[in-house]
Amino acid sequence: MKHLHVGLVVVVLAVCVFALVGCPAKTPPPVNGLMGAMPPPAAALVPLRVGYFPNVTHAPAVLGFATARQTFAKALEGKASLKTSVFNAGPAAMEAFHAGALDMCFVGPTPAINAFAKGGDLVLIANVCNGGSLLMARKDAPISQVADLAGKKIAIPQIGNTQDAQLRHLLAQAGIKLKEAGGSTVVLPIENPDVMSRFLSGDLDAACVPEPWGSRLEVEAGAKVVLDSKPLWRDGDYPTTVLVVRKSFLQAHPDIVKAFLAALQQVVDELTADPQAMASAINDELKVLTTKALKPEVLTKALGRLQFSTKPNMAALQAMAEIMKEVGYAKTVPDLKGFVDDTYLPAAAGSAGSAPAAAKPGA
């Protein structure tokens, strides 16, 4: 019996040794396609907070953040975690930026220049969209030219935004005084989605708005186009949307900024190649952001009035800075030295060393 117990122990030990030595250990499955490359813990990802608007002039942002595409999220995988905020107009977005709630923002050039001139911790790293501002008149209002705006009520998205500055420039050029300056013309800040009902009720005479709101007024309210995006200013050669980043974020995370800009360039290239082909994807995401899709005719008109490019336009930015002084948003023309840094853009997209000093005043 004693020999039997010894034999069993030997057999059990032999089986254990075989299990440990003779059988290969299980290899854990690869993570993210790389053997042993574990994803960084969520706490290790850099938070990147980005603001943008539900406008067609922000189409690259709308597409880049779209759930169905996730272009920006994919470009930043393993580097940063994205959080987005949606705004109606630039001044509100810049307030959030100043409050430290945003690291990056798609915004109009006027609020961006204003924030920079006031010592804001920001730098313009890319252009996004050109054109797309429209001066619209209610269908039954006796308005066919800028001179007819005297004594009228005109909407803009927000005091101090790009369309507000453009409208005030047009009024000044026509010699029209605002009510606060002794005249009878009134400029009212009204959120873009609310302008439609005010047009239909007859409470507004005109509006200077970005796309798609201009085309919506034209198609859905029968509004008249007084000035399209080209005759409005500089033959349409002006930025409506730019991309700014917090300087401190850029200095701390240049690799994240480069990855984001590479993804932005990818989306802009797609839009430039065939904007109408992207209309459905844009509309799907606008419906998510605003709960209502645009009519195809509206989107077609809006996209036809825009040009998408990441290359900053220093001459137009300088001209916008001059308008800011003209309309009273700045005591002197803002100095744009250090405002633009396009060196983080993909090489072919940059402005090849353009600088504020090269801009022609009044261009």
Side-chain angles (χ1 to χ4, degrees), residues 46-55 57-58 60-62 64-65 72 76 80-129 156-168 187 189-192 210 239-254 256-257 260-261 264 289 312 314 316-318 320-342 344 356:
V46 176
L48 174 58
R49 303 159 301 171
V50 188
Y52 68 110
F53 308 169
N55 294 348
T57 52
H58 286 236
V62 171
F65 289 119
F72 295 134
L76 299 177
S81 59
L82 278 172
K83 179 182 178 182
T84 59
S85 298
V86 177
F87 297 88
N88 172 70
M94 289 295 92
E95 285 178 17
F97 199 97
H98 282 308
L102 295 175
D103 304 300
M104 192 179 283
C105 191
F106 292 85
V107 68
T110 301
I113 291 172
N114 190 41
F116 177 79
K118 291 180 177 180
D121 175 33
L122 63 86
V123 60
L124 189 156
I125 52 174
N127 191 68
V128 178
C129 177
I156 44 90
Q158 191 173 5
I159 297 295
N161 92 312
T162 297
Q163 285 73 40
D164 179 31
Q166 290 173 327
L167 172 64
R168 291 171 190 269
V187 173
I190 299 175
E191 291 198 2
N192 291 316
T240 309
T241 308
V242 298
L243 178 62
V244 299
V245 66
R246 191 178 303 283
K247 289 179 184 177
S248 54
F249 186 94
L250 176 60
Q251 292 165 357
H253 309 288
I256 292 177
V257 172
F260 191 93
L261 288 177
L264 174 63
L289 296 172
M314 283 310 310
L317 290 170
Q318 181 65 38
M320 183 62 74
E322 292 169 7
I323 283 181
M324 290 174 64
K325 178 181 180 299
E326 174 192 320
V327 302
Y329 287 152
K331 292 182 179 180
T332 59
V333 176
D335 182 358
L336 300 187
K337 184 178 181 181
F339 177 51
V340 175
D341 185 352
D342 61 8
Y344 295 87

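Worth knowing before you read on, the calculation uses all heavy atoms, side chains too, and leaves out hydrogens, waters and symmetry mates. One is the number of the first residue; the rest follow in order along the sequence. Computed from a predicted model, the values in this text were never measured in an experiment.
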Run the numbers on Leu261 and Leu243 for side-chain contact (heavy atoms from CB on, under 4.5 Å), then give the verdict.
CA-CA 10 Å; Leu261 288 177; Leu243 178 62; 3.8 Å; yes
Show, in sequence, the C-alpha distance, side-chain angles and deciding distance for Val86 and Tyr52, and conclude whether the side-chain contact (heavy atoms from CB on, under 4.5 Å) test is met.
CA-CA 5 Å; Val86 177; Tyr52 68 110; 4.1 Å; yes
For Phe97 and Val107: C-alpha separation, side-chain torsions, deciding distance, then whether side-chain contact (heavy atoms from CB on, under 4.5 Å) applies.
CA-CA 11 Å; Phe97 199 97; Val107 68; over 6 Å; no
Are Gln163 and Thr110 close enough, and set up right, to give a side-chain contact (heavy atoms from CB on, under 4.5 Å), and what steps lead you there?
CA-CA 9 Å; Gln163 285 73 40; Thr110 301; over 6 Å; no
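Residue pairs meeting the salt bridge (charged side-chain N to carboxylate O under 4.0 Å, His left out) criterion with at least one member in residues 94-113, sequence neighbours excluded: Arg49-Asp103.
For the residue pair Gln158 and Ala92, the shortest heavy atom distance occurs at OE1-N, 3.3 Å. Nearest approach of Pro109 to Thr162, heavy atoms of both residues: CD-OG1, 3.2 Å. In terms of heavy atoms, Leu317 sits closest to Ile113 at O-CD1, 3.6 Å. Contact record, Ile256 with Ala80: CD1-CB, 3.9 Å, taken as the closest heavy-atom pair.
Partners of Glu326 according to the side chain to side chain donor-acceptor pair (under 3.5 Å) rule, which considers only residues two or more places apart in sequence or in another chain, are His169. Legend: residues meeting side-chain contact (heavy atoms from CB on, under 4.5 Å) with Val333, ordered by chain and number and at least two apart, are Gln318, Ala321, Glu322, Lys325. Every ring pair (Phe, Tyr, Trp, His ring centres under 6.0 Å) that Phe249 has, sequence neighbours left out, goes to His253. Partners of Pro189 under the side-chain contact (heavy atoms from CB on, under 4.5 Å) rule, at least two apart in sequence or in another chain, are Ile156, Ile159. With sequence neighbours excluded, the residues that form a ring pair (Phe, Tyr, Trp, His ring centres under 6.0 Å) with Phe53 are His58.
For the atom pair CD1 of Ile125 and CE of Met104, the computed distance is 4.5 Å after rounding to the nearest 0.5 Å. Atom-to-atom distance recorded for His98:NE2 and Asp121:CG is 9.5 Å, nearest 0.5 angstrom.
Here the side chain of Asn161 pairs no donor or acceptor atom with the backbone of Gly90 at under 3.5 angstrom. A distance-only check finds no donor-acceptor pair linking the side chain of Asn55 to the backbone of Thr57 [under 3.5 Å].
Within the 4.5 Å cutoff, the side chain of Lys247 has heavy atoms near those of the Phe116 side chain. Between Phe106 and Leu264 there is a side-chain heavy-atom pair separated by less than 4.5 Å. Contact of the Gln166 side chain with the Ile323 side chain is not registered, since no non-hydrogen atoms from C-beta on lie closer than 4.5 Å. Between Pro210 and Asn192, some side-chain heavy-atom pair lies under the 4.5 Å cut-off. Here the side chains of Val242 and Val340 are not in contact, with every heavy-atom distance at 4.5 Å or above.
The aromatic rings of Phe72 and Phe260 sit parallel to each other, their planes meeting at less than 30°, with 60° as the upper class boundary.
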